[in-house]
Amino acid sequence: MISSEDHHTDDTDSKSLLAGDENDEPSSSPPPSSVSSPSFLAFFLRSSGPPQVFFLTILYALAAGCTVGVVPPTMTTQYARINHGLDLLSDCTVGGNESSQECRDGNDDALTATAVASFASNMILFCTGSLVGSISDEVGRRRMLLTGMGLGLLVPLALVLIQLYPTMNPAWFYAASISSSFISYFTISLAALSDVIPPRWRASCFGLYMCGFAIGIALAPILAIPFSHIQVSLLSLGLVVFAYLYGLLFLPETLPTETSEQTRRCRREAAEREVTAMLLKYDGIILPIDEMDDPSREAQKTKHFYLRQRIQVSRLLFRPYRELLILNRSNIFRLLALLAFFSGISASGDQTLLLYYVEQRFQFNDTDVAYLFMLLGLLGILVFTFLLNGMTRCFGEKVVVVVAFIFGAITNSIYALASDKKGIFVGAAIGTVGMMAFPTISAIKSNNADEREQGQIQGALLAVSSLASALGPGLLRLGYQKTKDTEYPGAFFLIATTFYLVATVCAMTLPKEKANSK
């Protein structure tokens, strides 16, 4: 619950930052000649930071994409061995013992563990997303990105170790996945792009950023098909290690030093004003300067000191929640938070449970998964390269978000009624249009935030999405328990359809003058 006192503090912080804008020229804005350049791509390629982030994004998408078909059977096999007595020489891959009772029970355990890990990861992101983004506004993007990339090394490492040691508890993999959530690569990389790219090109830039993921997802299956699961996992680990070394050597700082220094100064001053205001509530706590050395006031000085320390510790502990108050600053931010929440429930459910569902229901094998992600990647490239840019220019960001959510609802309806593999592929193909929502919403929130708040606003919206993502898989999992033995076991996807429709209604209320960049 947001108190009026916290809201006042947030307003004070924001006014302080805006006051700084009146006196200082925003150093992160590109030169006028660059802004007026007719070619977004030429500006993007000449800039310092976005090309490196784009390359890192491709590497991470390759690393994640090539193991997306490895994780479900690996975790299912491991749980079947540890909890249900599957022989150590057997596995639950397609063509193995996937229909055995041990593997079915192992699959249920893996689904539950995935839902629990997703909930934990997203709750961590909810608590830290805005805080991490806000810290990056003060210390810079590069340091936070490298720290997050370092944590990301643990996930493929755990996947490799589990396959090397058949009795290793798969909980280690999920623990590694959860730990990588403390610093979000997405939040900081989007803030880094916003530091450099002017507002009118941000939707296109974020679309190109997502295109990097699409390229990685399209290429990953080609790398995965000829290799065994352990070889693919080693390849993924090698790609992530290379990405970290590349970032260490070539990733520049996108946030100007003077901007980060002004942000730190403004926030320190705002914090000191709040502490002083709280101290003034106690009679006699604020001592006149000429009485600070008076021995008779020693007890009062001690009380003053400890009270100040208590207030500062309290501010530190509640800072993650205070940073989220930026979402309550204006109507546009409140609407964007609702969009992130309702669409996040559906998207997270799809991402977490779809592969487990199709592998169990339609016996998707590694080749099927490879073709599915190749389809998603290739169509995603077309959507982000041509469709997103064209629709943004012709209709504006608001229409793009509405259309994306409508296609998201259609996709989940097709998943719900699909009776064979073909239905899943058709639904996935249509769903690529829904991918336009994420970069467009990111651009809208970036365009409506101050240059010193790019990390904070990206993190705050990620926090709301994470809260939704913590609930999404669990809701769809409960729905699956009700529908799995019916004529349409995939009907639980209609839950996701419902939330997409609610998000569509909310998107229709976005004010055009705030949502559209021109």
Side-chain angles (χ1 to χ4, degrees), residues 40-71 141-142 144-146 148-153 155-156 159 180 183-197 201-227 232-252 254 351 369-389 432 435-436 438-439 442 458:
F40 155 71
L41 189 59
F43 176 82
F44 180 89
L45 293 175
R46 288 197 306 267
S47 62
S48 176
Q52 289 83 358
V53 170
F54 180 73
F55 181 63
L56 286 172
T57 300
I58 294 176
L59 291 177
Y60 272 104
L62 281 171
C66 65
T67 60
V68 73
V70 174
V71 173
R141 318 297 183 200
R142 173 183 159 84
M144 301 300 291
L145 274 174
L146 290 175
M149 291 162 63
L151 291 174
L153 292 171
V155 180
L159 183 60
S180 66
I183 297 179
S184 170
Y185 173 82
F186 296 102
T187 297
I188 311 302
S189 57
L190 287 174
L193 294 176
S194 300
D195 292 336
V196 179
I197 303 298
W201 281 335
R202 282 178 186 161
S204 298
C205 181
F206 293 162
L208 189 60
Y209 171 82
M210 294 301 295
C211 186
F213 279 102
I215 292 172
I217 290 173
L219 295 178
I222 301 174
L223 299 176
I225 289 175
F227 299 118
V232 171
S233 302
L234 287 169
L235 174 62
S236 176
L237 178 60
L239 286 170
V240 175
V241 170
F242 175 72
Y244 182 81
L245 294 176
Y246 175 84
L248 194 64
L249 295 174
F250 300 109
L251 183 66
T254 58
Q351 294 166 4
V369 172
Y371 284 138
L372 177 64
F373 276 81
M374 191 179 299
L375 175 69
L376 289 171
L378 292 175
L379 291 179
I381 293 171
L382 295 177
V383 167
F384 293 129
T385 305
F386 301 106
L387 185 60
L388 174 61
N389 201 26
T432 56
M435 294 179 181
M436 296 189 299
F438 174 79
S442 297
Q458 297 291 353

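One is the number of the first residue; the rest follow in order along the sequence.
Applying the side-chain hydrogen bond (donor to acceptor under 3.5 Å, both in side chains) definition to pairs two or more places apart or across chains, those involving residues 204-223 are S189-Y209, S204-N389.
To the nearest 0.5 Å, atoms CG (L190) and CZ (R202) are separated by 11.0 Å. Taking CG from L234 and CG from L239, the interatomic distance works out to 11.0 Å, rounded to the nearest 0.5 Å. Atom OG1 in T57 sits 7.5 Å away from atom CG in L193 (nearest 0.5 Å). To the nearest 0.5 Å, atoms CE (M149) and CG (L251) are separated by 7.0 Å.
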Original post:
Given V155 and L159, is the side-chain contact (heavy atoms from CB on, under 4.5 Å) satisfied, shown in steps?
Top reply: CA-CA 6 Å; V155 180; L159 183 60; 5.9 Å; no

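Shown here are the side chain to side chain contact (heavy atoms under 4.5 Å, CB included) partners of I215, two or more places apart in sequence or in another chain: F54, I58, C211, L219, I381. Among residues two or more places apart in sequence or in another chain, the ring pair (Phe, Tyr, Trp, His ring centres under 6.0 Å) test is passed with Y244 by none. Remark: S442 pairs with no residue by the side-chain hydrogen bond (donor to acceptor under 3.5 Å, both in side chains) rule, at least two apart or across chains. Partners of A192 according to the side chain to side chain contact (heavy atoms under 4.5 Å, CB included) rule, which considers only residues two or more places apart in sequence or in another chain, are R141, T254. F386 meets the side chain to side chain contact (heavy atoms under 4.5 Å, CB included) test with L382; sequence neighbours excluded. Under the side-chain hydrogen bond (donor to acceptor under 3.5 Å, both in side chains) criterion, S236 pairs with no residue, sequence neighbours left out. Among residues two or more places apart in sequence or in another chain, the side chain to side chain contact (heavy atoms under 4.5 Å, CB included) test is passed with M435 by L376, F384, T432. With sequence neighbours excluded, the residues forming a ring pair (Phe, Tyr, Trp, His ring centres under 6.0 Å) with Y246 are F55, F250, listed by chain and number.
The shortest non-hydrogen separation linking F43 to V196 is CZ-O, 3.7 Å. When all heavy atoms of P156 and V240 are compared, the closest pair comes out as CG-CG2, 4.0 Å. Residues G247 and L146 approach most closely at C-CD2, 3.6 Å, considering heavy atoms. Residues L153 and L237 approach most closely at O-CD1, 4.1 Å, considering heavy atoms. Shortest non-hydrogen contact noted between S194 and Q458 is OG-NE2, 4.0 Å. For V232 against F227, the heavy-atom pair with the smallest separation is CG2-CB, 3.6 Å.
Contact annotation: the side chain of W201 never approaches that of L208 to less than 4.5 Å [non-hydrogen atoms, C-beta and beyond].
Taking the six-membered ring where the residue is Trp, the centroids of F186 and F213 are separated by under 6.0 Å.
Listed for the R142 side chain is a donor-acceptor partner under 3.5 Å among the backbone atoms of L248.
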Show me the side-chain donor-acceptor pairs of residues 61-68 shorter than 3.5 Å, one per line, residues at least two apart or across chains.
| residue | atom | partner | partner atom | Å |
| --- | --- | --- | --- | --- |
| T67 | OG1 | A63 | O | 3.4 |
| T67 | OG1 | A64 | O | 3.2 |

